[in-house]
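All remarks here apply to the structure that follows.
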Amino acid sequence: MHVPIDWLKEYMDIENMPDDIAEDLTLLGLEVESITEGNTGKVLEIELTPNRGDCASIIGIARELSVRYKCEMKYPDTGVCSSGDKTANNYCIEIKNEKSCPYYSLKIIENVNVAESPIWLKKRLRDCGIRPLNNVVDICNYIMVETGQPLHAFDADKIKGKEIWVRKAEREEELLFLDKKKRKLDPDDIIIADREGPLALAGVMGGLDSAVSENTEKVLLESAFFNPKNISRTQKRAGLNTEASYRFSRNVDPEWVLRSLYRAADMIVKECGGKEIHGHLDAGGIPQRRKMIALTAERVNSVLGTRISIDEIKEYLRLLEFSVYSEEKGRITLNVPSHRPDVERDIDLIEEVARVYGYDKVDSSLPETTIEAEFLNKPDNFSRIEEILKAYGYSESVTNTLIDKNMIKNMGILKEVTPVSISNPVNVKMNILRPGLLFGLLQVAKYNINQKQSGIRFYERGPVFFLQDGEYKEKKQVAFLSQNEGFYHAKKTAISLLKGMKQEYSFKYDANTALFDKEKSAVIEIEGVRAGELGCLKEKVVSEAGLSEDNFAGCYIFMDSLKSGKSSDIKFRKWSQFPSIFRDISVVAPVELTHLDIYDTIKKAGGKHLKEVEMYDMFIDDKIGRGKKSMTFEIEFNNPEKTLCSEEVDRSIRKIIKMLENEKGITLRQK
Amino acid sequence: MNFKEKYNKIKSEAPHEVLKSQNAGELDKARSKYIGRKGVVTSLFKELGGIPHQERPLWGKKLNSLKKEIENLIEKQKNSIRKEKSKKEFFDPTLPVEHYRYPGRNPAARTMDEITSLFISMGFGVAYGPEIETEYNNFTALNFPKDHPARDMQDTFYVDENWLLRTHTSPVQIRVMKESKPPVKLVAPGKCYRRDTLDASHLPVFHQVEGLMIDRKISFSHLKGVLECFTRKYFGGKVKTRFRPSFFPFTEPSAEVDISCTICMGKGCSSCSGKGWLEILGAGMVDPNVLENCGIDKNKWQGFAFGMGVERIAMLKYGIDDIRYFIQNDKRFLEQF
């Protein structure tokens, strides 16, 4: 909303500087976006909140300012004939649907001389962002900006017959609009029509054929009250946001429907010549708003935390044109003025009091609460996950939750999970919610590789989404991805993460999933439940993500399978006070025998004092036998009750070697 | 060999042997050979007794100076070996080292954590809610009128007729108020969605932190106190906070909260479009209709709510000029936070 300060001053005596006016309006809730130099001096651009339709006019803005400056408003004079004459000039109006159009009025002006507007008028309109057209149209716009009531002028001679209908559009009806575009009308649209068809899309835009032109002699001037909801729907449907629809959809002031009509007619006669036909014709009734609200100072101060007296409250509300209807025992009942349909309850009045009192004048204080401060470890266990992954050089990323369904379809993911689709995506690349985090991380890798960044290690935490048993599921995941580091790096990171979370886990090496290579992958199980996966990403998955390079390994874990990581879960455990004995054995085993196989055998055979088995060397060499590999284990023995003696350990080692030989065909390596 | 011959032999051989030592080990050997506890010079001292009485002081002096001479030579050689060695093994402390490269964080996540922690320090709890929400929790319960433009398919992502991607974290308020009894004091951080096209100032997916405090006597004055405390702690003590009237369906009275521009200190610059103020959050007293929708007696309980855009705050705090950086995740971006 553009407001020339010069125009504003017509309704009140103020000398304030534009900067101060802007600041004061902003503090009243009418945010001034900018102050520019217009044709008539400084112009304010004000952003209106949707509840303040009453301020979509110069008078509305002036009214607010008059409250701030405590000066009287000077409303323009308007003489209105109390009764409309439905038969004036034999015209007749019929409203078909009074719910969508409660009131419609017309005024007739004859022998009009349509020409260019005077310079002062054109300047003001331009400053308000409205292009001048001709004097009749310009005056309609001028009055609209002044009072907030949109008006429309028809060329009476272009209307077929004398009957004007306000009705819903019929299916397939069309209208050639003022902007020279033909649009199909919707059966929910309100239109103004003559016997031949639509003349105007009510409250939004007029038709070209019935518009006022240089040749117009007789003007039908329209002022109406349309249902804001209808106008709102129509403007959205048609994609037409006009000055008129902006105001109608925000509620116009019923008080000004007729006053604006007469004021415009007077001005047309004055500026364009012509003769005004006495009175006006109309249909329906102007909606009467008689709302009354009760209020006490106690309630005001309880909500605001202030000490404002009832007299101050009355004064603030009087300035806002709320009048006191009754008052007893500190309880006042107020009449809501017709231009404030947004004020319906006492809480709305309290906001009005606060606005005038000034938000800045409300003292700040800290609440005394009845709530005990909760001792919160950081919720979830995000911070520890962060520490661990950052220590491993993984950067935290936050990716778009919306991804491309086609991409994951081509990856073969849809066989395993049903993603949640968006009914109205902005584009097809963002048409589902991610069913996993690795898809986003691959995009991050792609972006950084294209940017020639080295060291691709990224992680993300956050929810993933899928459809299960007809329900939308949302589960928190953590995932990481790295390039050129392979399966073992992913495994190492996953173990560090799980151990850091004090999490018991096991790996199953038979993952057969869409994301990971069959061989180079593992399933993470926690308490026997599948909690995640890790491994090398399938080439297809990588290439469908748009990456030309390969060799990505990653992991994802569902966070709800992890322990809470709260300090209350931690119990201190003493470690053995007696020294451990370490023994190394090097064995020769068939290549295809897994570490896990050998490890488990050693553990089984090692007896109750075997504490840890760690492989630290492995090689494959024909010298030790074709199809064989050598592995060296360090085995730790410990007895928490006493110092172990060498002989006990030797016995265990012999048992281990024997079992390895007997059960797995593994021999000791000859030095 | 008599005493004199031995003396002469040592005098002629010792310097030669010392000077040909190439390292500390050889030099050490030479030292023990001549002047060590069992060295030849040391043993010659013991032989002084066999020297005629009148010649003894002379030879004593000679032996002492020989020992001194050898010691000096050894010291000299030691220095030259050290010099030689350091020439060969030049130590360059300025060489670059392979260092830990801080991997970094996404500043949206960092900022969200910081804001959340700050409110935790003020005694707020933390609540989470789903991102796929019901239209009821996201709009209806929050007092949005039925035909409110935000409900439109133009502005909001829908999953089906009843479910949508939450457009703000405010539905967490509804969930908490429905599930637990007041008093309530919590923040709800999380992702939100709006059907915007991606550009320098719009992300379809962004983050918010919502706050809610309901008790018997919570007032607008407390809202100001708590939020001023937040802006002071988060943006620094010099920052000024301004509350101005605004409109949200779920609060009444509603306020928009500005801080004095962190770049020009309120004088007016391009970052604040010359206004001197930066808008950082929306807030207000929870609308009685919202309380009623959650089954809370509006005559007994009242309170405030606020919500802030995490990316916006991060952009102000760190001077980031394009919101798209947040979802690009460029390493050079992440490493800075």
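For clarity, every value in this text was computed on a predicted model and none was experimentally measured. Chain naming here is simple, since letters A, B, ... match the order of the sequence lines and numbering starts at 1 in each.
Options A:Thr401, A:Asn400, A:Ile432 differ in how many heavy-atom pairs under 4.5 Å they form with chain B, and the most are formed by A:Thr401. Across B:Ser221, B:Gly190, B:Gly225, the residue that shares the most heavy-atom pairs under 4.5 angstrom with chain A is B:Ser221. Among the candidates A:Ser34, A:Gly358, A:Gly455, the residue making the largest number of heavy-atom pairs closer than 4.5 Å to chain B is A:Gly455.
No more than 12 heavy atoms of other residues, nucleotides or ligands sit less than 6.0 Å from atom NZ of B:Lys233.
In this structure, the portions of A:Gln451 lying under 4.5 Å from any heavy atom of chain B include both its backbone and its side chain. Proximity to chain B involves both the backbone and the side chain of A:Ser397, based on heavy atoms less than 4.5 angstrom apart. Residue contact with chain B, scored on non-hydrogen atoms closer than 4.5 Å, is absent for A:Val353. Of the atoms belonging to A:Arg345, it is side-chain heavy atoms, and not backbone ones, that fall under 4.5 Å from chain B. Residue contact with chain B, scored on non-hydrogen atoms closer than 4.5 Å, involves the side chain of A:Phe465 exclusively. In this structure, chain B has no heavy atom under 4.5 Å from any part of A:Ser249. Proximity to chain A is absent for every atom of B:Glu335, based on heavy atoms less than 4.5 angstrom apart. Residue contact with chain B, scored on non-hydrogen atoms closer than 4.5 Å, involves the backbone of A:Leu28 exclusively. A:Arg233 does not touch chain B: none of its heavy atoms, backbone or side chain, sits under 4.5 Å away. Contacts of A:Tyr394 with chain B are made by backbone atoms alone, with heavy-atom separations under 4.5 Å and no side-chain atom involved.
Here the side chains of A:Thr26 and B:Arg242 are in contact, with some heavy-atom distance below 4.5 Å. Residues A:Lys229 and B:Lys146 have side chains not in contact (no heavy-atom distance under 4.5 Å, counting atoms from C-beta outward).
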Where do A:Lys236 and B:Asp155 land on the salt bridge (charged side-chain N to carboxylate O under 4.0 Å, His left out) test, with the steps shown first? CA-CA 12 Å; A:Lys236 204 181 294 165; B:Asp155 301 308; over 6 Å; no
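Of all non-hydrogen atoms in A:Pro425 and B:Arg195, the two that sit nearest each other are O-NH2, 3.2 Å. Summarising the geometry of B:Ala109 relative to A:Val398, their closest heavy-atom pair is CB-CG2, 4.0 Å, with the distance given to 0.1 Å. Scanning all heavy atoms of the two residues, the minimum distance from A:Leu366 to B:His222 falls at C-CD2, 3.7 Å. Across all non-hydrogen atoms, the minimal contact from B:Tyr158 to A:Asn424 is N-OD1, 2.8 Å. Taking each heavy atom of B:Ser219 and A:Ser302 in turn, the nearest pair found is CB-O, 3.5 Å. When all heavy atoms of A:Val303 and B:Met285 are compared, the pair lying nearest together is O-CE, 3.8 Å.
Of the charged side-chain nitrogens involved, at least one lies within less than 4.0 Å of a carboxylate oxygen, so that A:Glu386 and B:Arg105 count as a salt-bridged pair. The existence of a salt bridge linking B:Lys224 and A:Asp360 is excluded, since no basic side-chain nitrogen approaches an acidic carboxylate oxygen closer than 4.0 Å. Residues A:Glu31 and B:Lys275 are paired through a salt bridge, judged by an N-O separation under 4.0 Å between the basic side chain and the carboxylate. A salt bridge does not link A:Glu396 to B:Arg110: none of the charged nitrogens lies less than 4.0 Å from a carboxylate oxygen.
Here the options are B:Ile132, B:Asp160, B:Leu165, the test is side chain to side chain contact (heavy atoms under 4.5 Å, CB included), and the partner is A:Val420; only B:Ile132 passes.
Cation-pi geometry between A:Lys476 and B:Tyr128 is met: the NZ or CZ atom falls under 6.0 Å from the ring centre, inside 45° of the normal.
Side-chain contact of A:Ser395 with B:Tyr102: a donor-acceptor pair under 3.5 Å is absent, judged by distance alone. Using modelled atom types and a 3.5 Å distance limit, the side chains of B:Ser246 and A:Thr49 yield no donor-acceptor pair.
Side-chain atoms of A:Glu351 come within 3.5 Å of backbone atoms of B:Ser254 as a donor-acceptor pair (strictly under, hydrogens ignored).
Residues passing the salt bridge (Lys or Arg N to Asp or Glu O under 4.0 Å) test with A:Arg355 are A:Glu64, A:Glu352, sequence neighbours excluded.
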